[in-house]
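Have a look at this one before I ask anything.
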Amino acid sequence: MIETLVWIALVLVAVGIYLSWTAGRLDRLHTRIDAARAALDAQLVRRASVALELATSGVLDPAASIVLYEAAHAARQAEEDHREVAESELSQALRAVFEEPDQVEAVKEAPGGEEAAGELAAAVRRVPMARRFHNDAVRAARALRRHRKVRWFRLAGHAPFPLAFEMDDEPPVALADRPGS
């Protein structure tokens, strides 16, 4: 009888340790999501800031400046519910403005243009990477949260279900192939 109770206690302790480990893993994934989201937000703000700076610099023609300014301003001011759409529209505006390599060359020829073009190229390259890191963390957390043991024992606590950040982040061809930074 005592031997049976000892085995039951050992099994309960082992299950408790396993559930505790799973809850810790889920907590680490949620922390990773938060860090990845902060990095993604920083890259999106950086891209919009560089686009705003370029739009107001007078280097671009007036129509391109207006298109770029409006899209970048909307991306910076967007509410969280509409952020994905606003960021996608900024990507589309960047592709429209920098569709031709000649436009990038015109920016580079202006005073301080080489640096501005380099900053913009770096910003548009970093956004897809940051988004990929965030969405990979979300995917891992979702996969773990779908397990029965996580749902039955409520190991996720009251944390909201993680959502991926879906947007059009394809960079303009003329900026995507720039070497450097």
Side-chain angles (χ1 to χ4, degrees), residues 1-52 71-95 118-173 175-181:
M1 178 71 175
I2 292 180
E3 187 177 313
T4 304
L5 290 176
V6 169
W7 280 109
I8 289 173
L10 283 174
V11 167
L12 288 176
V13 167
V15 168
I17 289 171
Y18 178 71
L19 290 175
S20 175
W21 176 81
T22 302
R25 181 173 167 225
L26 190 56
D27 185 51
R28 287 188 301 277
L29 282 171
H30 281 244
T31 301
R32 189 172 128 203
I33 290 170
D34 291 342
R37 181 57 189 242
L40 175 60
D41 285 341
Q43 292 305 322
L44 291 171
V45 167
R46 181 171 184 255
R47 180 180 77 153
S49 297
V50 172
L52 274 172
H73 182 69
R76 296 259 325 251
Q77 301 299 320
E79 301 271 333
E80 196 59 36
D81 296 345
H82 305 308
R83 181 117 188 248
E84 293 172 347
V85 173
E87 295 293 346
S88 293
E89 288 172 354
L90 176 56
S91 295
Q92 293 165 1
L94 285 166
R95 281 197 307 272
E119 269 188 72
L120 185 60
V124 298
R125 278 195 314 266
R126 288 181 181 142
V127 166
M129 287 188 293
R131 189 176 73 87
R132 195 171 313 118
F133 289 140
H134 175 266
N135 288 350
D136 286 347
V138 166
R139 196 172 305 113
R142 281 180 167 184
L144 185 58
R145 285 182 70 154
R146 281 192 203 105
H147 290 152
R148 270 184 248 150
K149 65 180 176 264
V150 173
R151 291 192 318 264
W152 287 351
F153 292 103
R154 297 181 176 260
L155 298 181
H158 297 288
F161 196 73
L163 299 174
F165 193 87
E166 297 300 333
M167 64 172 271
D168 173 8
D169 60 3
E170 185 180 332
V173 176
L175 290 174
D177 297 332
R178 284 184 47 84
S181 32

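The figures that follow rest on heavy atoms only: side chains count, while hydrogens, waters and symmetry mates do not.
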_Stepwise side chain to side chain contact (heavy atoms under 4.5 Å, CB included) check, E166 with S88_ = CA-CA 9 Å; E166 297 300 333; S88 293; over 6 Å; no

*Evaluate the side-chain proximity of Q92 to E170: yes if any heavy-atom separation is below 4.5 Å, no if none is.*
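With C-beta onward as the side chain, the pair stays apart.
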
*With rounding to the nearest 0.5 Å, note down the distance linking CZ in R151 to CZ in R146.*
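Interatomic distance, R151 CZ to R146 CZ, rounded to 0.5 Å: 10.0 Å.
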
_Residues in salt bridge (Lys or Arg N to Asp or Glu O under 4.0 Å) contact with D168, at least two apart in sequence or another chain_ =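 Expected list: R95.
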
Distance-only donor-acceptor hits, side chain of residues 3-26, under 3.5 Å, sequence neighbours excluded:
from : atom 1 : to   : atom 2 : distance (Å)
Y18  : OH     : K149 : NZ     : 3.0
T22  : OG1    : Y18  : O      : 2.9

*What pair of heavy atoms forms the shortest contact from E87 to F165, and how long is it?*
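Heavy atoms of E87 and F165 come nearest at CG-CZ, 4.3 Å.
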
*Minimum heavy-atom separation for L175 to A121, with atom names?*
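Smallest heavy-atom distance, with atoms named: O-CB, 3.6 Å.
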
*Output yes when a side-chain donor or acceptor of E84 lies under 3.5 Å from a complementary backbone atom of M167, and no otherwise.*
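Not at all, since once roles are kept as given, no pair shorter than 3.5 Å links the two residues.
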
_For a quick test of reading the model, state the closest non-hydrogen atom pair linking H134 to A36 and the distance between them._
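For H134 and A36, the tightest heavy-atom pair comes out as CA-CB, 3.6 Å.
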
*Are any non-hydrogen side-chain atoms of L90 and L44 less than 4.5 angstrom apart?*
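They are not in contact (no side-chain heavy atoms under 4.5 Å apart), so the answer is no.
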
*Under a 4.5 Å cut-off applied to non-hydrogen side-chain atoms, are V124 and L94 in contact?*
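Yes, close enough: below the 4.5 Å cut-off.
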
*asked:* Rounded at 0.5 Å granularity, tell me how far CZ in R47 sits from CD in E119.
replied: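 It comes to 14.5 Å.
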
*Of all the heavy-atom pairs spanning A75 and A86, show the shortest one and how long it is.*
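Result for this residue pair: CA-CB, 3.8 Å.
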
*Mind running salt bridge (Lys or Arg N to Asp or Glu O under 4.0 Å) on D34 and R37 for me, showing each step along the way?*
CA-CA 5 Å; D34 291 342; R37 181 57 189 242; over 6 Å; no

*So, for P162 and A141, which heavy atoms are closest and what is the spacing to 0.1 Å?*
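Reported closest heavy-atom pair: CG-CB, 3.9 Å.
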
*R83 and A78: which non-hydrogen atoms are nearest, and at how many Å?*
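Looking at all heavy atoms of both residues, the shortest contact is CA-CB, 4.0 Å.
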
*Dump the intermediate steps for side chain to side chain contact (heavy atoms under 4.5 Å, CB included) on R142 and L163, then the final yes or no.*
CA-CA 9 Å; R142 281 180 167 184; L163 299 174; 3.7 Å; yes

*Trace of the side chain to side chain contact (heavy atoms under 4.5 Å, CB included) decision for Q43 with M129*: CA-CA 10 Å; Q43 292 305 322; M129 287 188 293; over 6 Å; no

_Listed partners of A159 passing side chain to side chain contact (heavy atoms under 4.5 Å, CB included), at least two apart_ =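 Expected list: H30, R145.
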
